[in-house]
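One structure follows; several queries about it will come next.
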Amino acid sequence: MKTELSKGYEPEQVEKKWFDVWENRGDFHADENSPKPHYSIVIPPPNVTGVLHMGHALNNTLQDILCRWKRMSGYEVLWMPGTDHAGIATQNVVEKQLAAENKDRHELGREAFIDRVWKWREESGGQIINQLKRLGASCDWERERFTMDEGLSKAVREVFVSLYDEGLIYRDNRLINWCPRCHTALSDLEVEHDDKRGNLWHLRYPVQGTDEYIIVATTRPETMLGDTAVAVHPEDERYKNLIGKSILLPLMDREIPIIADEYVDMEFGSGAVKITPAHDFNDFEIGKRHNLEFINVLDESGMINDNGGSYAGMDRNAARTKVVADLKSLDMLEKIDDYTNAVGECYRCRTTIEPYMSKQWYVAVKSLAAEAIRAVESGETRIVPQQWEKTYYEWMYNIQDWCVSRQIWWGHRIPAWFCDDCGKITVSREDVSVCKHCESTNLRQETDVLDTWFSSALWPFSTMGWPEQSKTLEKFYPTSCLVTGFDILFFWVARMMMMGTKFMKNVPFKEVYIHALVRDAHGQKMSKSKGNVIDPLTIVDEYGADAFRYTLCAFAAMGRDIKLSTERIGGYRNFVNKLWNASRFALMNLEDFVPAENSLISLPLSQADQWILNRYAVAAEEVNKALADYKFNDAASILYSFTWHEFCDWYIELSKENLYGDNAPVRKATQTVLFTVLEGLLRMLHPILPFVTEEIWHALPGERGADSIMKMTYPTTALIETDENVVADMERVMDVIRAIRNVRGELDVPPGKKIKVVLDCKSDSAVQSIQAGQAYIHSLARVEDLVVGVAVERPKQASTQVAGEVEVLIPLADLINVAEEEARLNKEIEKVQKDVSFFEKKLSNEKFVANAPPQVLDKDRAKLTAATEKREILQQSLKKILTLK
RNA sequence: AGGCACGUAGCUCAGUGGGAGAGCACUUCCCUGACACGGAAGGGGUCGGCGGUUCAAUCCCGCCCGUGCCUACCA
């Protein structure tokens with residue numbers, strides 16, 4: 001199909017058209033039987049509940065750039081897509097729907113509820129997948145997976161049972177993080193700490209048998225209902241005599257001991273601490289050390305239970321208020337201070353977490369972590385940027401056992417059965433109805449499900465068919481690269497490393513590229529509550545997917561934050577439009593052109609042709625290097641400046657001379673170069689700008705057939721060897737053009753006015769290079785009368801500019817204002833004088849001359865000479881000008 | 001409390017052991033036959049502060065100030 005380019009680029013239809021073509025034709029499909037080397041990436045599976053946000057846009061754009069680049073570089077590329085069932089998040093969504101119908105999940109019952117979640121998923125889940133497609137994501141969509149798929153669920157069971165059989169999964173009754181709203185345990189990672197302004201309540205606890213008080217401080221006064229001791233430091237002189245005595249716990253009238261424990265900090269507060277072993281992680285440890293009673297005063301919803309005496313049935317917050325009020329009326333409230341401390345919140349619903357005693361399933365991760373550490377230390381997996389390795393190690397070394405059970409319904413149900421007769425547990429890959437210990441049939445399956453991140457941890461191999469030994473695994477595992485944000489380094493990356501090394505005996509990915517997080521233009525995290533969320537699809541609508549992708553690519557290297565501003569996106573929209581129009585220019589001048597193989601050979605290539613071919617080769621080499629090093633921003637800027645500042649600003653302008661001239665072979669040569677460079681440039685840009693490049697590619701002359709540009713090869717090197725001298729000549733001519741333009745600009749010579757220019761050269765070689773390019777000087781600098789030579793006759797009065805070995809003289813007759821020329825010269829002289837002084841000083845430093853490498857010395861000496869000469873010329877010119885006044 | 005970053009032009013940020021860069025914004029001129037989402041020419045920075053290493057430091061090292069983030073059980 002052949003397309004014609006409209007006057008301005010219109011992304012909407014172009015994007016829709018090409019994505020459909022690509023997808024329907026199977027252009028993204030990865031063939032596991034391909035003989036080509038493999039390149040594979042698994043997508044960080046977005047939550048089924050998710051809608052596309054900036055983080056996804058960045059993450060997937062970078063992956064797509066890599067995949068398209070590798071695909072064009074001769075690899076068989078698999079980009080594995082899919083979504084995550086997102087246990088708690090998804091359950092919350094459906095529970096909210098139920099709430100709107102005045103129902104709750106318990107009314108429905110487990111099975112009906114799960115059916116409902118599945119139904120929700122069918123109808124409105126996973127919309128994010130279509131949103132990713134609008135960005136151009138070239139995933140192998142035929143392979144789309146879901147963490148609750150049959151296959152992935154099988155993998156989950158296999159892993160769970162294997163770990164259990166090995167003793168690496170166990171059950172224990174401990175203090176865990178409990179979300180009273182989600183009614184489930186959470187792992188330590190799922191608790192987010194946020195500094196909250198609150199109070200520190202100082203309570204008076206009466207010492208039994210005396211009229212003394214011990215003052216204890218707490219941020220959670222309601223927990224005093226479960227106090228079972230007061231602890232002081234063993235060396236604390238203030239309290240030494242009280243150790244072993246007891247307290248009559250106010251409100252509860254319970255006698256609790258005063259104990260000594262080194263955990264207590266004598267400096268803090270009163271130096272005495274109330275101990276609530278069932279509701280505080282520190283107190284839990286102390287409780288175990290001192291054999292204290294563990295009194296749980298909360299229920300699953302965060303209400304005070306029957307252990308809370310008269311407070312039973314109250315919400316924890318109401319109980320706090322009441323406890324404080326009651327203590328005050330008993331004169332047992334010493335004082336209330338303002339206090340800020342970190343409060344743990346549920347990462348899904350923001351409810352304050354309660355430490356809560358309960359029996360949960362754990363993964364013993366020490367041995368898994370050791371292997372995951374080793375894999376990075378050995379270099380089997382490389383983390384980029386490397387600074388993140390330290391963070392990774394730090395966490396792995398201090399890792400705690402992973403609480404994997406959740407008391408929700410949506411997720412992988414733990415494959416464990418409790419026997420009501422012998423009390424033992426049967427864990428099995430297949431559902432069981434008979435206890436394997438006593439053969440009783442009185443079995444109940446565990447109602448808990450697994451942490452969502454348990455199945456995510458298997459993603460790199462479960463999506464490829466494991467535990468079957470699939471061809472996909474054989475071809476594409478380990479994956480080549482994982483692209484992700486640092487916010488899920490522990491949640492996900494670390495756990496995939498543990499599970500991959502454990503079950504595949506091989507790392508899940510060779511490289512991990514960690515990118516920044518996207519924030520708003522002011523550096524604020526985007527959030528609905530702040531109202532500063534920029535919707536990626538709105539951006540795509542307004543600026544086009546390509547411009548948006550280019551922006552993300554150009555921003556990718558920034559430290560931890562990307563401050564996204566719409567102005568920048570607008571800038572890249574302009575860039576896309578520039579490319580579009582440059583292509584239009586080329587096409588207008590290629591109407592009579594037929595591309596041929598090896599067409600550059602034996603053509604009369606002009607100075608400009610050789611120059612752009614040389615620049616093309618440099619850009620091609622550099623962009624490959626940048627992408628190989630994950631320097632996306634470098635790749636973007638290399639291509640930006642090549643496209644705009646070299647190809648458009650210079651080559652296209654220079655080419656007009658040759659295209660419009662009457663020299664047919666030269667015109668043909670220029671057409672060939674224009675075509676070849678543009679065609680290669682489009683291939684270079686395609687990974688970042690897939691849509692616009694595909695559209696233009698199909699408008700190029702020659703037979704494009706049904707093939708996509710993404711099936712072409714990525715440029716890596718020169719199209720043809722160029723003559724360095726000719727390239728240097730072109731640069732010299734360009735310097736002269738710049739010098740003339742500088743004079744014109746500074747002296748306000750009207751753009752339309754043609755001028756006379758004398759170029760007094762220092763050498764014959766300079767003369768030759770300029771003569772070869774004098775037509776360019778005529779057209780680009782608007783010169784009508786050009787004199788070039790060594791020691792040529794100079795105009796009596798002229799504006800003078802120096803471009804390397806060439807003195808650029810513009811007769812004053814053509815100029816408007818002598819005073820302006822004087823000002824311009826003074827400015828130039830001042831500039832060059834700075835250079836002269838700088839190098840004189842440097843070169844007069846004996847130590848520098850003695851120690852610096854010869855190349856540096858030579859370079860600096862040459863610069864001093866050039867600067868000195870330029871200064872002399874300009875000063876003489878200034879003198880002449882002054883005589884005119 | 002520990003760890004990790006960051007502090008470069010008005011703004012947002014790249015960058016390197018050898019004379020400071022980009023985009024946007026700004027100034028002047030131009031609707032020149034691809035493009036005003038454009039063209040040409042300019043202005044603007046003691047590269048956070050103080051020391052040290054070096055012939056040479058914006059870059060390496062130390063301290064300080066400021067700003068973010070992550071991890072952590074101080075009631």
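Since the structure is predicted, the reported quantities are computational estimates derived from the model, not experimental observations. We name chains A, B, ... by the order of the sequence lines, and we start the count at 1 in each one.
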Problem - Counterpart base for B:G51, defined by Watson-Crick or G-U wobble contacts under 3.5 Å - result: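 The answer is B:C61, by the H-bond criterion.
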Practice task
Would you mind pulling out the nucleotide paired to B:G21, Watson-Crick or G-U wobble, both distances under 3.5 Å?
Solution key: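 Its partner is B:C13 (Watson-Crick or G-U wobble, both distances under 3.5 Å).
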Handout entry: Atom-pair distance (CG on A:Asp634; P on B:G21), nearest Å
Key =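 Distance, rounded to whole Å: 17 Å.
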Practice task
Both distances under 3.5 Å, Watson-Crick or G-U wobble: report the partner of B:A36, or none.
Solution key: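 B:A36 is unpaired by these criteria.
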Practice task
Can you figure out which of B:U28, B:A75, B:C37 approaches the side chain of A:Thr219 most closely?
Solution key: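 Of the candidates, B:A75 comes closest.
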Practice task
With a 3.5 angstrom cut-off on both distances, give the Watson-Crick or G-U wobble partner of B:G45, or none if there isn't one.
Solution key: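 Matched B:G45 with nothing under the 3.5 Å cut-off.
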Problem - OP1 or OP2 of B:C74 under 4.0 Å from side-chain N/O of A:Asn282 - result: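 No, no such contact exists.
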Handout entry: Distance between C1' atoms of B:C31 and B:A36 (Å, rounded)
Key =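 Taking atom C1' in both B:C31 and B:A36, they lie 7 Å apart.
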Exercise for the section: Rounded to the nearest angstrom, tell me the gap between atom NZ in A:Lys390 and atom P in B:C69. Expected result: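 From A:Lys390 NZ to B:C69 P: 20 Å.
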Exercise for the section: Quick one: sort the A:Phe575 and A:Trp644 rings into parallel, tilted or perpendicular, breaks at 30° and 60°. Expected result: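 Rings of A:Phe575 and A:Trp644: parallel, under 30°.
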Exercise for the section: If B:A5 has a Watson-Crick or G-U wobble mate with both distances under 3.5 Å, name it; if not, just say none. Expected result: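 Across all strands, the one nucleotide that pairs with B:A5 is B:U67.
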Practice task
Can you tell me, in whole Å, how much space there is between the C1' of B:G43 and that of B:C50?
Solution key: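 Rounded to whole Å, the distance is 32 Å.
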Handout entry: Paired nucleotide for B:A72 [Watson-Crick or G-U wobble; both distances under 3.5 Å]
Key =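 B:A72 is unpaired by these criteria.
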Practice task
Return yes if the base of B:A34 and the side-chain atoms of A:Glu653 contain a donor-acceptor N/O pair under 3.5 Å, otherwise no.
Solution key: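 Counting by modelled atom types and ignoring angles, a donor-acceptor contact under 3.5 Å is found here.
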Practice task
Check every atom of B:A34, B:C55, B:A14 against the side chain of A:Asn845 and return the nucleotide holding the closest atom.
Solution key: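 Side chain of A:Asn845 sits closest to B:C55.
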Handout entry: Euclidean distance for C1', B:C74 against B:C61 (whole angstrom)
Key =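 One C1' to the other, the span is 35 Å.
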